[in-house]
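From a predicted model like this one, the values you see are computed outputs, not experimental measurements. Each chain gets a letter, A, B and so on, in the order the sequences are listed, and its residues count up from 1.
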Amino acid sequence: MPKTLVVLTGPTGIGKTSLGIKIARHFNTEIVSSDSRQIFKELSIGTAVPTKEELNAVKHHFIQNHSITENYNASRYETEALELIENLFKKKDIILMVGGSMLYIDAICKGIDVMPDADHEIREALKKQLETEGLESLRLQLKKIDPEYYRTVDLKNPNRIIHALEISIQTGKPYSSFRSNKAKTRPFSIIKIALNCDRQILHNRIDLRVDMMVEEGLEAEARRVYPQKQLNALNTVGYREWFAHFDREITREKAIELIKRNSRRYARKQITWFKKDEAVQWFAPDQPHEIINYIEAQIK
RNA sequence: GGUGCCAUAGCUCAGUUGGUAGAGCAACGGACUGAAAAUCCGUGUGUCCCUGGUUCGAUUCCAGGUGGCACCA
């Protein structure tokens with residue numbers, strides 16, 4: 001029997017979690033989360049981790065199994081999730097991946113080029129350089145060290161330039177030499193399914209969900225991690241807005257409004273990303289039977 | 001019922017001494033290989049309330065209507 005990874009994705013708030021459970025139960029399998037924020041054990045309300053009931057209904061992996069203090073990234077996810085998936089395939093023919101983190105999904109489906117983790121000190125030094133000397137100085141440095149990448153990189157995006165520089169400086173080899181531009185092949189086949197619905201309905205769902213999170217105590221959850229607000233894991237919709245409120249930059253009402261707006265924008269960004277992927281088959285969130293039929297037809 | 005003010009983008013509003021319009025916010029489109037819920041780029045989306053009148057030309061001026069607000073009854 002061929003092994004198949006079914007990827008269920010879509011914008012935030014569309015209903016991936018509950019639909020994923022239906023599908024996983026139908027195929028009597030387990031769920032591997034591909035959500036870059038639900039992996040953190042310190043976060044639960046703001047990341048909308050599955051409820052206890054949902055976790056009991058189907059075995060989930062990669063839910064709250066890391067700490068915000070780790071420097072987690074897509075490459076580590078590739079390594080860890082892939083190993084897990086290989087193991088699960090020993091007892092299952094179908095595995096369901098559920099989540100909306102675009103790059104994490106790509107890391108599993110296509111892979112990320114092998115290169116070292118960024119050195120913390122080098123990154124901090126480059127950040128400081130950006131602050132004091134400006135983006136132009138980083139650009140010039142990149143132009144010298146890695147003219148090839150300089151030609152293709154978004155020269156207005158500091159994160160991209162810093163990353164290329166930190167890898168180049170650290171390894172002594174240009175960043176572009178690590179970029180193969182080739183997708184890795186996987187020893188299993190992949191079916192990609194994405195959910196979407198009318199934009200207005202999605203926005204309403206997002207607004208409603210944010211209100212529910214606030215009712216469930218999102219502010220207190222954010223307060224608990226506030227002392228660690230500089231961590232990358234907390235540069236996240238649903239938390240950064242509270243930090244701004246705690247710092248007296250915005251009102252509580254404004255924070256809630258911004259969480260809604262930023263969630264909407266995140267959803268749009270996700271849709272843009274998945275639209276580009278021709279392997280993705282789109283469904284509405286109320287089509288579990290159609291989705292199951294589609295998966296079964298694909299497997300045959 | 002009377003008088004006055006207002007009516008322009010999804011919202012709040014600016015503006016055109018008459019040549020079909022622009023800000024903020026919201027929204028929308030896009031990029032993406034180790035920070036990705038990150039980071040970055042781009043885009044006004046409009047029966048200027050309706051109907052007549054004046055005019056070469058009206059969103060702008062005039063009249064009436066409709067709706068909203070305020071005050072007086």
Side-chain angles (χ1 to χ4, degrees), chain A residues 9-13 16 33-40 43 45-49 68 70-81 99-120 122-124 126-127 130 135 138-139 149 152-168 170-171 175-184 199-200 202-203 206-207 209-210 213 218 222 230-242 254 257-277:
Chain A
T9 189
T12 186
K16 297 184 289 292
S33 169
S34 56
D35 187 301
S36 70
R37 302 295 141 151
Q38 290 182 0
I39 64 170
F40 296 120
L43 313 179
I45 298 171
T47 55
V49 289
I68 55 173
E70 299 173 46
N71 273 319
Y72 209 76
N73 59 49
S75 179
R76 285 186 57 185
Y77 177 77
E78 178 187 1
T79 308
E80 292 175 14
S101 297
M102 301 87 83
L103 188 61
Y104 281 34
I105 294 170
D106 261 16
I108 297 303
C109 297
K110 300 180 189 163
I112 291 182
D113 291 324
V114 177
M115 63 183 80
D117 273 338
D119 181 271
H120 183 71
I122 295 177
R123 176 172 292 186
E124 288 306 312
L126 287 167
K127 275 178 171 172
L130 173 66
L135 188 57
L138 295 177
R139 272 193 217 128
Y149 189 61
T152 55
V153 70
D154 175 359
L155 288 169
K156 288 181 177 168
N157 192 328
N159 279 13
R160 298 270 154 72
I161 295 180
I162 286 178
H163 180 58
L165 281 175
E166 66 196 2
I167 296 299
S168 303
Q170 198 174 326
T171 62
Y175 174 66
S176 56
S177 68
F178 294 96
R179 289 164 59 89
S180 70
N181 235 338
K182 260 188 272 171
K184 295 175 191 168
R199 190 65 63 93
Q200 191 56 53
L202 180 62
H203 286 180
I206 288 171
D207 289 352
R209 189 162 84 148
V210 171
M213 287 175 176
L218 180 58
Q230 79 290 346
L231 292 174
N232 174 60
L234 296 175
N235 186 192
T236 297
V237 177
Y239 298 89
R240 59 203 298 198
E241 298 86 355
W242 287 114
K254 185 72 181 170
E257 190 189 313
L258 285 179
I259 292 171
K260 290 175 181 172
R261 184 198 71 183
N262 292 338
S263 298
R264 274 182 245 130
R265 289 181 176 175
Y266 175 49
R268 178 152 50 85
K269 200 171 74 170
Q270 289 172 302
I271 293 167
T272 298
W273 178 289
F274 298 131
K275 268 197 298 199
K276 204 176 52 170
D277 189 340

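Note on A:P116: a base of the nucleic acid sits closer than 4.0 angstrom, heavy atoms only. Note on A:N235: only backbone sugar-phosphate atoms sit closer than 4.0 angstrom, heavy atoms only; bases stay farther off. Here A:T47 lies in heavy-atom contact (under 4.0 Å) with a base. Heavy atoms of A:N181 sit under 4.0 angstrom from at least one base atom. No contact: A:V153 has no heavy atom under 4.0 Å from any strand. Residue contacts for A:N262: at a heavy-atom cut-off of 4.0 Å it reaches no nucleic acid atom on any strand shown. Across all strands shown, A:G46 has heavy atoms under 4.0 Å from base atoms, whether or not it also approaches the sugar-phosphate. Across all strands shown, A:Y175 has heavy atoms under 4.0 Å from sugar-phosphate atoms exclusively, and none from any base. Counting non-hydrogen atoms under 4.0 angstrom, A:T236 reaches a base of the nucleic acid.
Rounded to whole Å, atom P of B:A38 lies 13 Å from atom OH of A:Y239. The CG atom of A:N73 sits 14 Å away from the P atom of B:U33 (whole-angstrom rounding). To the nearest angstrom, P of B:C40 lies 13 Å from CG of A:L138. Residue A:N159 contributes atom CG, which lies 14 Å from atom C1' of B:C41 at whole-angstrom precision. To the nearest angstrom, C1' of B:A36 lies 10 Å from CD of A:Q270. Atom CG of A:N71 is separated from atom P of B:A38 by 17 Å (rounded to the nearest Å). Note: NZ (A:K110) to C1' (B:G34) measures 16 Å, nearest angstrom. Between A:I162 atom CD1 and B:A38 atom P the separation is 17 Å, expressed in whole Å.
For A:K127, counting side-chain heavy atoms from C-beta on, the closest listed nucleotide (B:U33, B:U39, B:A35) is B:A35. Side-chain proximity of A:Y149 to B:U33, B:U39, B:G34: nearest is B:U33.
In this structure, the separation between OH on A:Y149 and NE2 on A:H163 is 7.5 Å, given to the nearest 0.5 Å.
When the side-chain nitrogen and oxygen atoms of A:Y104 are compared with OP1 and OP2 of B:A36, one or more of them lie within a distance under 4.0 Å. Here A:H163 does not reach the OP1 or OP2 of B:U33: none of its side-chain N or O atoms lies under 4.0 Å away. Dashed line: the shortest gap from a side-chain N or O of A:N232 to OP1 or OP2 of B:A36 is under 4.0 Å.
A cation-pi contact links A:K276 to A:W273, judged by a cut-off of 6.0 Å to the six-membered ring centre and 45° from its axis.
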Dot-bracket for RNA chain B, 5' to 3', counting Watson-Crick or G-U wobble pairs under 3.5 Å, with [ ] for crossing pairs and | for inter-strand pairs? (((((((..((((.....[..)))).(((((.......))))).....(((((..]....)))))))))))).
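Within 6.0 Å of CG on A:N71 lie no more than 12 heavy atoms contributed by other residues, nucleotides or ligands.
Listed by chain and residue number, A:E70 satisfy the side-chain hydrogen bond (donor to acceptor under 3.5 Å, both in side chains) test with A:R76 (two or more places apart in sequence, or in another chain). Residues satisfying the salt bridge (charged side-chain N to carboxylate O under 4.0 Å, His left out) test with A:R179, not counting sequence neighbours, are none. Here A:K156 pairs with nothing under the salt bridge (charged side-chain N to carboxylate O under 4.0 Å, His left out) rule; sequence neighbours left out.
To the nearest whole angstrom, the two P atoms, one in B:C71 and one in B:G15, are 26 Å apart. B:U55 and B:G18: their C1' atoms are spaced 9 Å apart (whole Å). For the P atoms, the distance linking B:U60 with B:U16 amounts to 14 Å, nearest Å. Taking atom P in both B:A9 and B:A14, one finds a spacing of 12 Å when rounded to whole Å. Between the C1' atoms of B:A35 and B:U45, the separation comes to 34 Å (whole Å). Nucleotides B:C25 and B:C32 are separated by 27 Å at their P atoms, to the nearest Å. Separation of the C1' atoms belonging to B:A31 and B:G67 is 46 Å when rounded to the nearest angstrom. If you take atom P in B:G46 and the same atom in B:C41, they sit 26 Å apart, rounded to whole Å.
Checking A:R209 against A:T12 by side-chain atom types alone, a donor-acceptor pair falls below 3.5 Å. For the residue pair A:Y72 and A:E80, a side-chain donor N or O sits within less than 3.5 Å of a side-chain acceptor on the partner. If you check the side chains of A:Q200 and A:H203, you find no donor sitting under 3.5 Å from an acceptor.
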Evaluate A:M102 against A:Q270 for side chain to side chain contact (heavy atoms under 4.5 Å, CB included), listing each step before the verdict. CA-CA 7 Å; A:M102 301 87 83; A:Q270 289 172 302; 3.5 Å; yes
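The existence of a salt bridge linking A:K16 and A:D35 is excluded, since no basic side-chain nitrogen approaches an acidic carboxylate oxygen closer than 4.0 Å. Between A:E257 and A:K260 there is no salt bridge, since no side-chain N of the basic residue sits under 4.0 Å from a carboxylate O of the acidic one. Electrostatic pairing of A:R261 and A:E241 does not count as a salt bridge here, judged by no charged N lying under 4.0 Å from a carboxylate O.
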Look for any protein N or O under 3.5 Å of an N or O in nucleotides 10-13 of chain B and output each such pair with its distance, or none.
none

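Tested against A:I259 for a side chain to side chain contact (heavy atoms under 4.5 Å, CB included), the candidates A:D207, A:L218, A:I206 yield a single pass: A:L218.
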Footprint string (nucleotides 25-32 of chain B, 5' to 3'): B base within contact, S backbone only, - free, heavy atoms under 4.0 Å: -SSBBSBB
